[in-house]
Visitor: 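Sharing a structure here in structure tokens format.
Every number for a ligand or one of its atoms is a count from 1 in the order of the listing.
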Amino acid sequence: MQREHWASRLGFMLAAMGSAVGLGNIWRFSYVAGENGGGAFLVLYMISVLVIGIPLLLVEVSIGRKAQQDIVGSYKKLVPGKPWFMVGYFGVLATLLILSFYSVVAGWSLYYLWGYLTGDLVQMPAEGYGATFDAFITEDYGPIFWHGLFMIITMLIVLVGVKNGIELANKILMPVLALLMVGLAVYSVTLPGAVDGLAFLFQPDWSVLKDPTVYFSAMGQAFFSLSLGIGTMMTYGSYLSKSQKLPGAVAGIGVMDTLFAVISGVVIFPAVFAFGIDPSSGPTLVFITLPEIFYQMSFGHVIAIIFFTALCFAAISSSISLLEVPVAYLMRAAKMPRKSASLLVSFVVFISGVTVSLGMGKWSGITPIGDRNILDSMDYIASNILMPVCGLSMALLVGWYFNKSDALHASDLSNSKIGDAWYMLIKFVAPILILIIFLNELVNV
Ligand code: PHE
Ligand code: NA
């Protein structure tokens, strides 16, 4: 069967940006930055994006385009008869783990959208937005319903295919989302506590750098936010034809994603301080601060509806890229039709997500890793461990297994300054940094 392809390079770029920009920029970025001290974290995060993230993004897309295969197939094809393809399985595992909790959080967003559409969330509840949200996510059935609904939407897009499903869906909401975030940021900086919030985000308190976990979290956030290392960008790259140039597209994706993270920081932290919320309050941060902002602002009801619509679409454009990785794998390896593969994987993710959802409530005592609940544990394994390990392997493959001219050729670079700089980064700098950050964290656990 003929491999599916994007209709255009722009279609690929939008899909890849859609994958990158998502809950990671708004929901995850804000709470991880909040837990890690704000400004200094932002600096480390940006360094990770520049030095490790964007160079590896180019590596990943190049591998996909060269091999024209899913993640496991790509490794098998490029390094036949060697165990490199095991890395592909880690990637597939990581997408399943991430999608399991991503869909639960996206389900919360859908529920908020619904709450504003019906008007239920418009008036501040007597117990406040914080307590109301906690009550909702600790329920048994409600959040599972919304998680299931979100998985069904994701599945319906993926089972249509690359061009008419994934690409089309992505062409719709990205620009709207950008406009909305900028608008919200402008409003947020006019709030009374804005100065404290902006200081928290932009005035680094370097003392947090003594904690090795900050480096680890910054690198994990860079990988997560760029959708890096676990085959989403490789699979998307595999739907590109060889005539489409990569470096510019990849840099654009990285810059956009980072811009979105900074802007959502500007939206969220002023509000966090204005409403006296603890910036380190974890994964529920966004769902409590945003309703507070909407409640205070004129036309807040309308803005809330538009914002949560955009947030849900941003989540969907990422979740379809996560689902596509195992689906593409099964389509090749098990010769499954796209429809059955989408159904099967979605069902597995749904069940796994049910444990995540219950982990917020009745199973909150289950803490697989340290004191992390099920959501945080899955996130930790996927983002802080599997993503960097897979990323490291890609860097080693292209930096050391390929020779230099093959590496440059695969990524449309030449023997220029940029080409040399990129090659140095992926051959030496990125792998060494990833290793140091890893060992540093392990030694200090
Ligand atoms: N990058 C996405 C976000 O920031 C999440 C994601 C991670 C998507 C890994 C695909 C793969 O929301
Ligand atoms: Na992101």
Visitor: With backbone taken as N, CA, C and O and side chain as the heavy atoms from C-beta onward, which portion of Ala20 lies under 4.0 Å from ligand 1: side chain, backbone, both, or neither?
Guide: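 Contact part for Ala20 vs ligand 1: backbone (N, CA, C, O).
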Visitor: Which ligand 1 atoms does Ser19 reach within 4.0 Å, using its non-hydrogen atoms?
Guide: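 Checking each atom against Ser19, I get 1 (N), 2 (C), 8 (C), 10 (C).
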Visitor: The Na ion (ligand 2) and Ser225: any N/O/S contact shorter than 3.0 Å?
Guide: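 Yes.
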Visitor: Using a 4.0 Å cutoff against the non-hydrogen atoms of Met387, which atoms of ligand 1 qualify?
Guide: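 By the 4.0 Å cutoff, the relevant atoms are 9 (C).
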Visitor: Which N/O/S atom belongs to Asp257 and is the closest one to the Na ion (ligand 2)?
Guide: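 Answer by atom name: OD1.
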Visitor: In the structure I gave you, are the side-chain heavy atoms of Tyr89 and Tyr329 within less than 4.5 Å of one another anywhere?
Guide: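 With C-beta onward as the side chain, the pair touches.
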Visitor: What part of Tyr102 sits under 4.0 Å from ligand 1 if we count only heavy atoms: the side chain, the backbone, both or neither?
Guide: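 Tyr102 to ligand 1: side-chain contact only, backbone stays beyond 4.0 Å.
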Visitor: Would Ser227 count as a contact for the Na ion (ligand 2), in the sense that one of its N, O or S atoms lies under 3.0 Å from it?
Guide: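 Checking Ser227: none of its N, O or S atoms is under 3.0 Å.
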Visitor: For the atom pair OH (Tyr75) and SG (Cys390), what is the distance rounded to the nearest 0.5 Å?
Guide: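 Spacing of OH (Tyr75) from SG (Cys390) equals 6.5 Å.
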Visitor: Could you tell me whether Arg28 approaches ligand 1 through its side chain, its backbone, both or neither, with non-hydrogen atoms closer than 4.0 Å?
Guide: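 Near ligand 1, Arg28 shows nothing, with every heavy atom at 4.0 Å or more.
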Visitor: If you take the nearest heavy atom of each of Ser319, Gly91, Ser227, Ala94, which one is closest to atom 9 (C) of ligand 1?
Guide: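 Checking each option, the heavy atom nearest atom 9 (C) of ligand 1 is found in Ser227.
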Visitor: Considering distance alone, does some N or O of Ser321 sit under 3.5 Å from an N or O of ligand 1?
Guide: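 By distance alone, the answer is no.
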Visitor: Which option out of Trp27, Phe223, Phe224 puts a heavy atom nearest to atom 5 (C) of ligand 1?
Guide: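 Going through Trp27, Phe223, Phe224 one by one, Phe224 has the nearest heavy atom to atom 5 (C) of ligand 1.
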Visitor: Any donor and acceptor pair, going by atom type alone, linking the side chain of Ser225 with main-chain N or O of Asn25 inside 3.5 Å?
Guide: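 No, because the side chain of Ser225 does not come within donor-acceptor range (under 3.5 Å) of the backbone of Asn25.
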Visitor: So, is Phe260 placed with an N/O/S atom under 3.0 Å from the Na ion (ligand 2), counting both backbone and side chain?
Guide: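 False for Phe260.
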